[in-house]
Amino acid sequence: MEELSNKIKKLKKQKDAVILAHYYVNDEVQAIADYVGDSYYLSKIAVSVPEKVIIFCGVTFMGESAKILSPQKTVIMPDLLADCPMAHMASAEKIEAVRGKYEDLAVVCYINSTAEIKTHVDVCVTSSNAIKIIKALPQKNIYFVPDENLGKYIARQVPEKNFIFNDGFCHVHDEIMTDEVEDALAAHPNAKILVHPECTLEVIDLADYVGSTSGIIEYATTSDAEEFIIGTEVGILYQLKQKNPNKKFYTVNSNQVCPNMKRITLPKVGFALENMINQIEIDESTRVKAVKSLEKMLELSK
Ligand code: 13P
Ligand code: SF4
């Protein structure tokens with residue numbers, strides 16, 4: 001493992017590459033990454049890094065967003081099959097149908113979506129900037145795609161808007177059940193419950209804190225509590241433990257695993273970097289349309 005890490009470090013210099021990783025990828029990949037963060041942080045950092053090559057250790061929509069925003073950079077995925085199923089749960093036809101029904105409508109798209117869907121929407125958001133961005137939009141009606149749970153959580157925080165939802169979901173978060181949260185709390189009565197807003201509203205109602213992956217890490221790190229029940233993908237425990245070696249972290253159940261994020265392994269990072277394979281390609285007509293929604297996100301979340 002150490003030999004491979006050293007090889008990757010050398011290759012990075014040779015190829016002028018930087019490694020970006022999401023909190024859900026395998027521990028050893030997070031350990032060698034130059035930047036680790038939530039989707040919003042990674043989309044910003046991908047634009048500002050000076051290196052010509054980005055190795056994106058995450059799922060397809062993350063690599064695609066980096067390529068859409070920085071077409072001059074080479075964006076490589078260690079495994080092109082690492083794709084977020086929720087990203088495919090919105091439909092261009094449905095979007096156009098909803099547009100036909102409301103005059104004063106903004107289509108707000110979670111960044112967990114395909115490049116093609118991004119060409120049909122007004123603005124992208126992530127869980128760490130959605131409330132701020134939606135509040136700033138002039139439109140009264142908001143069609144939120146693809147995630148219904150996140151949409152419903154945001155709608156509660158922005159009661160002045162009328163929300164229309166889409167039936168997309170993340171299987172990892174949607175399958176966290178309230179009785180499991182209650183059992184975890186019974187087993188660890190002093191623990192705080194921290195969950196991602198892709199969880200159901202019923203689970204959210206049991207939580208002490210709801211936020212993005214970086215929000216969860218920030219809350220646990222600055223809290224006086226010593227034990228935490230974590231309602232998001234298990235990969236986040238690596239950073240939680242790194243930053244808080246004396247605190248205890250538990251998942252709600254044993255299925256909080258995103259199989260797509262777990263496709264990203266250290267040997268695949270090394271192989272893709274060495275051979276410059278798995279480059280993200282987006283045709284220019286899609287890119288110029290999709291980039292508007294991402295640039296608007298970066299502008300409105302400042
Ligand atoms: P964050 O933006 O909070 O990192 O979430 C990304 C994601 O895919 C959650 O499942
Ligand atoms: Fe997609 Fe869920 Fe995996 Fe996040 S955890 S990348 S939303 S499948």
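Both ligands and their constituent atoms are indexed starting at 1 by order of listing. All residue numbers refer to positions in the sequence shown, counting from 1. The structure displayed is predicted, hence computed values, not measured ones.
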Look at the N, O or S atoms of Cys258, main chain and side chain alike, and state whether any lies under 2.8 Å from atom 1 (Fe) of ligand 2.
-> no
Could you list which atoms of ligand 2 come closer than 4.0 Å to a heavy atom of Pro85?
-> 8 (S)
For ligand 1, which atoms sit closer than 4.0 Å to a heavy atom of Tyr24?
-> 7 (C), 8 (O), 9 (C), 10 (O)
Short N or O distance, Tyr40 and ligand 1, threshold 3.5 Å exclusive = no
Indicate yes or no for a side-chain donor-acceptor contact from Ser70 to the backbone of Gln72 under 3.5 Å, with no hydrogens or angles considered.
-> no
Any idea which atoms of ligand 2 are less than 4.0 Å away from a heavy-atom of Asn112?
-> 7 (S)
Is ligand 1 less than 4.0 angstrom away from at least one heavy atom of Cys170?
-> no
Taking both backbone and side chain into account, is any N, O or S atom of Cys170 nearer than 2.8 Å to atom 2 (Fe) of ligand 2?
-> yes
Using distance alone, with no hydrogens and no angle criterion, decide if Asp38 and Thr213 have a side-chain donor and acceptor under 3.5 Å apart.
-> no
Would you say the side chain of Val75 lies within less than 4.5 Å of the side chain of Gln279, judging by non-hydrogen atoms?
-> no
Exercise: do Tyr110 and Ser39 side chains pair donor with acceptor under 3.5 Å = no
Here the atoms of ligand 1 under 4.0 Å from any heavy atom belonging to Asp38 are 1 (P), 2 (O), 4 (O)
Return yes if a side-chain donor-acceptor contact under 3.5 Å exists between Lys52 and Thr74, otherwise no.
-> no
For Glu198, atoms of ligand 1 separated by under 4.0 Å from a heavy atom | 7 (C), 9 (C), 10 (O)
Provide the number and element of each atom of ligand 1 under 4.0 Å from a heavy atom of Ser39.
-> 1 (P), 2 (O), 4 (O), 5 (O), 6 (C)
Donor-acceptor pair between Asn141 and Asn162 side chains, under 3.5 angstrom | yes
Atoms of ligand 1 less than 4.0 Å from Asn112 heavy atoms?
-> 7 (C), 8 (O)
Atom 1 (Fe) of ligand 2 - nearest protein heavy atom and its distance | Cys84 SG, 2.3 Å
Is a donor on one side and an acceptor on the other found under 3.5 Å between the side chain of Lys268 and the backbone of Met77?
-> no
Backbone or side-chain N or O of Ser212 under 3.5 Å from ligand 1 N or O | no
Modelled atom types, side-chain donor and acceptor of Asp147 and Asn112, under 3.5 Å | no
What is the closest protein heavy atom to atom 4 (Fe) of ligand 2, and at what distance does it sit?
-> Tyr24 CE1, 3.8 Å
What part of Met86, side chain from CB on, backbone N/CA/C/O, both or neither, has a heavy atom under 4.0 Å from ligand 2?
-> side chain
Selection from His196, His22, Met62, His173 by shortest heavy-atom distance to atom 3 (O) of ligand 1 | His196
When you check the side-chain N and O atoms of Thr114 and His88, is any donor under 3.5 Å from an acceptor?
-> no
Mind checking whether Thr126 has an N or O less than 3.5 Å away from an N or O of ligand 1?
-> no
Test item: side-chain donor near acceptor, Glu233 and Tyr23, under 3.5 Å | no
May I ask whether Glu198 has any heavy atom positioned less than 4.0 angstrom from an atom of ligand 2?
-> yes
Atom pair CD1/CD1 of Ile134 and Ile154 - distance to nearest 0.5 Å = 4.5 Å
Salt bridge check: are Asp34 and Lys12 linked by an N-O gap of less than 4.0 Å?
-> yes
Within less than 4.0 angstrom of ligand 2, does Asn260 place any heavy atom?
-> no
